[in-house]
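This report refers to the structure that appears directly beneath it.
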Amino acid sequence: RAIFTLSLCCFTLILSIVHHHVEAFVPQSSSGIDAIGRIGTIMKPLTPPVPPLFSAPSPFEAASTSTQGKSKKQKKRKPRSKNGPSKQKKSKNPKLVETWRLYGIGVHPDDLSQEDDKSLLDQNRDTNGFAPFPKALEDVLLKKLKLSELPPTTNLVRRSLDARKKLDHPTFQYVVDVPLTRQASYDLGWKNRPGRTEILESQANKNETSSIEGDASDDDSINQQKQVIVVGTGPCGLFCALQLALEGVKPILVDRGEPVERRGRDIGALIHRRNMNPESNFCFGEGGAGTWSDGKLTTRIGRNSENVRWILEKLVEYGAPSSILWEGAPHLGTDNLVKLLRKMREHLKELGGEIHFGTRMSNLVLEDGVVKGVQVEDDHGSRTILADATVLATGHSARDVYESLHSCGVQLEAKGFAVGFRIEHPQKFINKIQYGDEWGPTVKTGKSTTDEVNLEHFGGIPSEHEGKLPVPSYRLATDKAEDGTGNSRGVYSFCMCPGGQIVPASTNPSEVCVNGMSFSRRDSLWANSALVVTVAPDDPVLESYREKYGVLAGLEFQRDMERRAAVLGGGNLTVPVQRVTDFCKGQVSETIPSSSYRLGVKSAPCHELYPEPITKALTDALTHHFSDNMPGYYHPDGLLHAVETRTSSPMRISRDRESLQAIGCDGLFPAGEGAGFAGGIVSAAVDGVNVAGAVMDKLEGTTSRTGQRSKSVGFSY
């Protein structure tokens, strides 16, 4: 009897435990009964339950406990209510709307229909100023947010293409801003995780007035009596002048070159008749050297910084495609740059600015260490322009300006730079290297001849994919290229122009220098990029130049390499070229592939042009680094064009960190790429805005803008 009673108690206990877990963890169907529920009902004890002798943890609790070490206390899981789920928890201020930035929203290229793709390529924004949403992206977001429709102010922040080989397929990655109530984000389980899901700063917490554009104030009448000379109409000079004009100051812009309309005609005369205007060409004129380039707007100083966003938004106001606000690697192209420069010029004039083209600065007007203005020369002779401050934004090709400053005693300092060649491949090669055989045929430019050549390269069979990928670019870099002296040098690609062409960047007929450019559609048959080697200020290859020219050693080295290239090409702006494989073998190319350079190319021993350490470093990078990183890049049809020497300025005009004035020259503000404080369109423009703020501080006798300056020095390789 005792054994029977004990057995009955144990059996009853087991039934009670099983019933407890079934009710706690198995949800009921809408009718309240399902297969497992019926089992639970059948297995209900026939007698009242006996209190358990011990409490065994559930499998879920056990798993949780095992991760908490040897804790004696076990947290007992509460059974779910039979009437439905437990009461939803509420967050603090559940109705407060917060904007979340979501990263890594991936969309397959085939899911982007041609209609969606066209809506993005139209470059238009809706009436509320937000970028258009492709349907595929909207579907992904709705699923992620568990919503039936997107909030009206959902905004596309950025789009980029991830085509890394380790992925199963290329993917468009989006960054999106979504407004949600705090309760909604709480229910989704979101937390503030940088680079994944971030809560943006509330607009209420931001300053109501921008630190960039000036507001109307009592000082405007005083500022209107002030005038500032800005030498140079590149991105730095233009945005500096714009900021000054918005502050109520009169900018007087001086540029040795011509406005884009006349500059375009001068460039046409150079290309078709080899008639070079030394003051109006691919380097000098409205918009600077970047006008006839790819128009890249990539930067390493922060796409979301206030100054960068303001500059991009201003470019859109002047006619740039709105896609530059959200594309991961935005570019304008020469055709778009020419159009927006006209509008920016007219706006500056409406704000009271003066612009003097065809006017070259010949010297500074200095009195007791204070810059009072500049001496200029134009078709009418020499004259002096006086102003309350002078901004130098001349660009790095204005070598006579450096020499003039040096003779005036302005403090200059040597800085590192890079020299090399511009390498060109057929674009179809780059399409295959970057996208492979499966996705390479999906590259479409809209130009029939280019698209047909690309399709033939892949066997003439159209792609099975509906998606269309952009014309691919590349970026290569190593700091471990051996130069034959036991030292390593940096070698990198620079200003890569997909679907572009190589153009003359010479400013003197006795010198040969090349650059690359693309139109907005990037639809040519070629891809080109600078391929350059670093040169340090104290580099041994500059030793003889330092002994003779001092701080101007880097400038003279660049000039000497350009003269050597002119001799190798035979003159008349013909460019010496060499197959990349022959360059690395040290032999002249017997035959050469076609080139996009329209003034003629000539096979030459380019491997003999630079000092040996530079040649060996480039050879090592090509054969041991870049060939591994990009199989197929080191190819006989890769053609080196000599020379690429003007990637950046070889010197810097010393300036005070706080006032941004040239050291030892009160009233002189060096700015931009030519002064050694920027590298690219965007960073040069940002430096121009920063310098404008420093000029205003000087004119008003304050330092209110010093703490508001954003970083402007940055290079986009």
Side-chain angles (χ1 to χ4, degrees), residues 109-110 112-124 134 159-163 169-170 172 292-298 320-324 326-339 422-475 493 495-503 516-529 593-598 630 632-633 637-639:
D110 286 345
L112 293 169
S113 67
Q114 291 187 5
E115 181 179 356
D116 289 333
D117 192 54
K118 184 177 184 302
S119 71
L120 292 174
L121 293 178
D122 282 343
Q123 318 296 3
N124 294 322
R159 181 183 80 161
S160 59
L161 178 66
D162 188 351
H169 56 78
F172 283 103
W292 268 266
S293 71
D294 187 55
K296 284 182 176 58
L297 300 177
T298 50
S322 62
S323 62
I324 68 173
W326 45 264
E327 281 289 7
H331 82 109
L332 290 169
T334 294
D335 43 343
N336 283 323
L337 278 164
V338 169
K339 295 174 184 177
R422 188 151 284 264
I423 187 170
E424 184 171 73
H425 294 83
Q427 181 63 54
K428 60 187 180 183
F429 282 23
I430 305 301
N431 296 348
K432 185 169 184 175
I433 292 172
Q434 297 296 70
Y435 293 154
D437 290 329
E438 182 180 357
W439 287 92
T442 67
V443 177
K444 300 290 195 311
T445 66
K447 187 175 181 179
S448 59
T449 54
T450 300
D451 294 340
E452 288 170 5
V453 167
N454 184 60
L455 188 59
E456 289 174 4
H457 185 63
F458 292 92
I461 303 174
S463 173
E464 61 182 12
H465 294 286
E466 297 179 1
K468 184 171 69 173
L469 299 185
V471 182
S473 62
Y474 61 83
R475 186 170 67 185
S493 61
C495 187
M496 196 270 155
C497 298
Q501 58 186 288
I502 294 177
V503 297
M517 65 164 281
S518 297
F519 290 105
S520 58
R521 289 171 63 180
R522 292 174 163 174
D523 57 4
S524 91
L525 295 171
W526 295 276
N528 70 77
S529 174
S594 61
S595 167
S596 67
Y597 184 76
R598 296 175 63 181
M630 252 182 101
Y633 184 79
D637 283 349
L639 192 63

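Pro470 is listed as a side-chain neighbour of Phe172, based on a closest heavy-atom distance under 4.5 Å. No side-chain heavy atom of Ser473 sits less than 4.5 Å from a side-chain heavy atom of Ile430. Tyr597 is not listed as a side-chain neighbour of Asn528, based on a closest heavy-atom distance of 4.5 Å or more. Between Thr298 and Pro330 the shortest side-chain heavy-atom distance falls below 4.5 Å. Between Pro109 and Thr442, the closest side-chain pair of non-hydrogen atoms is not below 4.5 Å. The shortest side-chain heavy-atom distance between Val503 and Trp292 does not fall under the 4.5 Å cut-off.
Atoms CD and CG, on Gln434 and Leu469 in that order, are 11.5 Å from each other to the nearest 0.5 Å. Atom SG of Cys497 and atom CD of Glu424 lie 10.0 Å apart (nearest 0.5 Å). In this structure, the separation between CD1 on Ile433 and CE on Met630 is 4.5 Å, given to the nearest 0.5 Å. Between the SG atom of Cys495 and the CZ atom of Arg475 there is a distance of 13.5 Å, given to the nearest 0.5 Å. Atom CZ in Phe458 sits 9.5 Å away from atom OG in Ser463 (nearest 0.5 Å). Here Tyr474 contributes atom OH and Ser493 contributes atom OG; the two are 6.0 Å apart, rounded to the nearest 0.5 Å.
Listed here is the closest heavy atom pair of Arg159 and Glu327: NH2-OE2, 2.9 Å. Closest heavy-atom contact between Leu639 and Ser594: CD2-O, 4.4 Å. Between Ala163 and Tyr435, the shortest heavy-atom contact is CB-CE2, 3.9 Å. Of all non-hydrogen atoms in Gly446 and Asp451, the two that sit nearest each other are N-OD2, 3.1 Å. Taking each heavy atom of Leu337 and Gly295 in turn, the nearest pair found is CD1-CA, 3.9 Å. Heavy atoms only, all atoms of each residue included: Leu455 and Ile461 are closest at CD1-O, 3.5 Å.
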Start with the C-alpha gap between Arg522 and Asp294, add the side-chain angles, then the distance that decides, and say whether side-chain contact (heavy atoms from CB on, under 4.5 Å) holds. CA-CA 9 Å; Arg522 292 174 163 174; Asp294 187 55; 2.6 Å; yes
Verdict with supporting geometry, Gln501 and Arg598, side-chain contact (heavy atoms from CB on, under 4.5 Å): CA-CA 9 Å; Gln501 58 186 288; Arg598 296 175 63 181; 4.1 Å; yes
Stepwise, does the side-chain contact (heavy atoms from CB on, under 4.5 Å) test hold for Lys432 with Asp437? CA-CA 6 Å; Lys432 185 169 184 175; Asp437 290 329; 2.8 Å; yes
Which is it for Thr450 and Asp523 under the side-chain hydrogen bond (donor to acceptor under 3.5 Å, both in side chains) test, yes or no, and what are the steps along the way? CA-CA 7 Å; Thr450 300; Asp523 57 4; 5.8 Å; no
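The side chain to side chain contact (heavy atoms under 4.5 Å, CB included) test with Asn431 singles out one residue from Pro472, Pro498, Pro441, and that residue is Pro472.
Checked by atom type and distance alone, the side chain of Asn454 pairs as donor or acceptor with a backbone atom of Gly440 at under 3.5 Å. With hydrogens and angles disregarded, no donor-acceptor distance shorter than 3.5 Å links the side chain of Arg422 to the backbone of Ile502.
The distance between the ring centers of His465 and Trp439 falls below 6.0 angstrom.
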